[in-house]
Every structure is written in C-alpha cells, then in structure tokens.
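To keep things clear, I will list the structure first and then write my remarks on it.
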Amino acid sequence: EQQLGPNLTFYDLHPPATDMLEEVTRSLTAPRPHLHPKYFYDEAGSRLFDAITTTEEYYPTRTEAALLARYSSEIQAQLGHANTIAEPGAGSCQKVRLLLERWSPERYMPLEISRDCLLQSTRQLSRDFPEVQIDAVCADYCQALSLPADNLPGGRVVFFPGSTIGNFDPAERSAFLRGLHHLAGPGGALLIGADLQKEASRLNAAYNDAQGLTAAFNLNALHHLNNALGCQFDVNNMRHVAFYNETAQRIEMHLECLCDQELHLGHHQITLKGGTRIHTENSYKFTVEGFTRELMDAGFRPRGCWTDSDDLFSLHLAST
Ligand code: AVJ
C-alpha cells in the first residue's frame, strides 16, 4: 500500500490484464458477434458518456441524483452510523460526493480497475474531504467482491449507482449481487440504483438522443479497438442501433455493418458481412417488485425503495 496523502491510501491489487486481442477476437468471431461494454470507456468514451448524462432524453443520472439529494438523510436514518462506504467501479467518484457531504463516513473505499482514473479522482476527493479516510483500491470486480469482510462494527455500505447493474445478464446479475452481499459484510448494506420499465418511446429516446451522442458513444468503441488493436474498422460504414426489447425487458445497443468489414485481429483477418450486427450492450429495466426480489434472492433484506414522482428510476436500500 502507498500513503499518497494524510487521508489517502492507495492499495494496488494488480488486476490481471485481460488479453484484449484474444477477448475481442473471440467475441467478434462468435456466432452472434458481440463486444463487452467495458470497451466503451476509453478516454473519449468516458467523456461522451458524461455528455450523454446531460442530454434531455437521458433521464437516469439526473433522476438518481435528485433522489439521493432528497432522501440521503432518510436513508442514513435507516443505516444508523455508516462508517464505511465502498463503491465498486467508482470511476470519477462524483456521485458519492453528496453522500460524503451528508453522511461524513469515517472511510470511503472506491474500487476501480483503471489505475489512472482512480488516482486522479481520489487525489482531488481527499483534498475536498480531509476528514474522510480514502482507501483507494485498484481492483477488478472479481477482486473487489472477494475482499475480506470489514472488521469495523456496522460493516460497509456498498454504493452501486447508475443502474449499472442493468448491464449484467440475469445469471451474472444474481452472482454479482451475491458478491455485493459479501463485500457489504456482516452488518452491512447496499444502496443501489435500478432504472425502471416504462413506455418504449421514452426508453428508445434515452438511447437515441437527437444530438447523436449515444451513437458516437457506441461507435467510439470501434475507434477504441482500432487504436488499441489496429482492427481497421471502417467506422463511417457502421451504424448505431438501439431499441427496447420488450420481451427481454432491456435496451439493446448494436453496431450494424453497412458494408462488408475486413478486420485485422492480430494474425487473423475476419470479414463481417454487410448487415451483421455487433451486440455492444444490454441495459435491463426493472420493476420495483422484481428488483426487490432479486435483492432477496441474493441474501439481502430490503429496507427501503425510493422512486421519483414519474416512476422513472428507483433507489433501493437493503441490509445483509
Ligand atoms: C452507465 C451502464 C448505466 O446502461 O444506461 C448510456 C450506459 N449506454 N447510454 C446505461 C449507457 C448508453 C449506462 N450505464
């Protein structure tokens, strides 16, 4: 561990580097070509996502922030004294600021696979919150969810906002929720955002914003692959496709080939025929009852759920 400041300690768990070429080759040559959503988040992609959150059509981020602002005191009352907030996939550590202000926990433990992002976000945070001990942990999800349980009384409050839980397929989601239960530990809790089911037109608009930022965000994954692997996607001949799959209750994002795409993947050369779609993301939408049941199936005891007046988004609190 490295002491980076009076209240900032850095723990590097050295997340195993994935063999990007191997993983991307496998997923693009699969019978149903797909790409892990993590490839959205290079530097440009993270900036594009931040821009998406400011569009009129993309309601989740602002709706969740308003719920946190409105109910953080009520939520804290349910928690008693929360001494540690742990946030897997903390990224820019922006969303947690409101809780650090309102709850003044003893400790904040952001867990993030990107070392640079983690160091950059926590340096400023430790200055802004000198009274909070920040234990910055560089780890992948698997490492984050198997950390030893906290020895502090009251366990950890795991914060998992944004409805990022919606990126997981059902089977992965229940395993991930059980992992969050372990991370929270005895006497711990989970505060998690879940986007709600609603009319398809509203959902489709949120993933097809008029400014084309979501299209750019989706297509940017190919620029990321071109830069990182030299795939030679002809991105101008790829099309952003996003639609609500009512049956599966998820937004699906795809990238469609408008012509044959000759791709270079290391020593492989593959052709994706015109019309082929690469499945880049699922964003599952929930009901309050359905998500509450998923929390219970993962061993949590639901303690409260807060929704906005239009029932767009939900914030769930559950104890271990
Ligand atoms: C950050 C994964 C919650 O699924 O809504 C935004 C990512 N994709 N626009 C989501 C996203 C397209 C977002 N999450």
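Keep in mind that what you see is a predicted model, and the values were worked out from it rather than measured. Just so you know, ligand 1 is whichever comes first in the structure, and atom 1 is the first atom listed for that ligand.
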Parallel, tilted or perpendicular: which describes the rings of Tyr141 and Phe176, with under 30° parallel and over 60° perpendicular? perpendicular

What orientation do Tyr58 and Tyr207 show, parallel under 30°, tilted 30 to 60°, or perpendicular over 60°? perpendicular

Using distance alone, determine whether Thr164 and ligand 1 share an N or O pair under 3.5 Å. no

Just to confirm my output: which protein heavy-atom neighbour is closest to [atom], and how far is it?
| atom | answer |
| --- | --- |
| atom 4 (O) of ligand 1 | Ser283 OG, 2.8 Å |
| atom 7 (C) of ligand 1 | Glu281 OE2, 3.4 Å |
| atom 2 (C) of ligand 1 | Asn167 OD1, 3.2 Å |
| atom 3 (C) of ligand 1 | Gly162 O, 3.1 Å |
| atom 13 (C) of ligand 1 | Tyr58 OH, 3.4 Å |

Any Phe49 heavy atom less than 4.0 Å to ligand 1: yes

Is it the side chain (CB and beyond), the backbone, both or neither of Tyr41 that lies under 4.0 Å from ligand 1, heavy atoms counted? side chain

Salt bridge check: are Glu101 and Arg97 linked by an N-O gap of less than 4.0 Å? no

Does the distance from a Lys or Arg side-chain N to an Asp or Glu carboxylate O, for Glu43 and Arg47, drop under 4.0 Å? yes

Those atoms of ligand 1 less than 4.0 Å from some heavy atom in Tyr207: 4 (O), 5 (O), 8 (N), 9 (N), 10 (C), 12 (C)

Any side-chain donor paired with an acceptor under 3.5 Å for [X] and [Y]?
| X | Y | answer |
| --- | --- | --- |
| Asp260 | Thr271 | no |
| His254 | Glu252 | yes |
| Tyr284 | Asp195 | no |

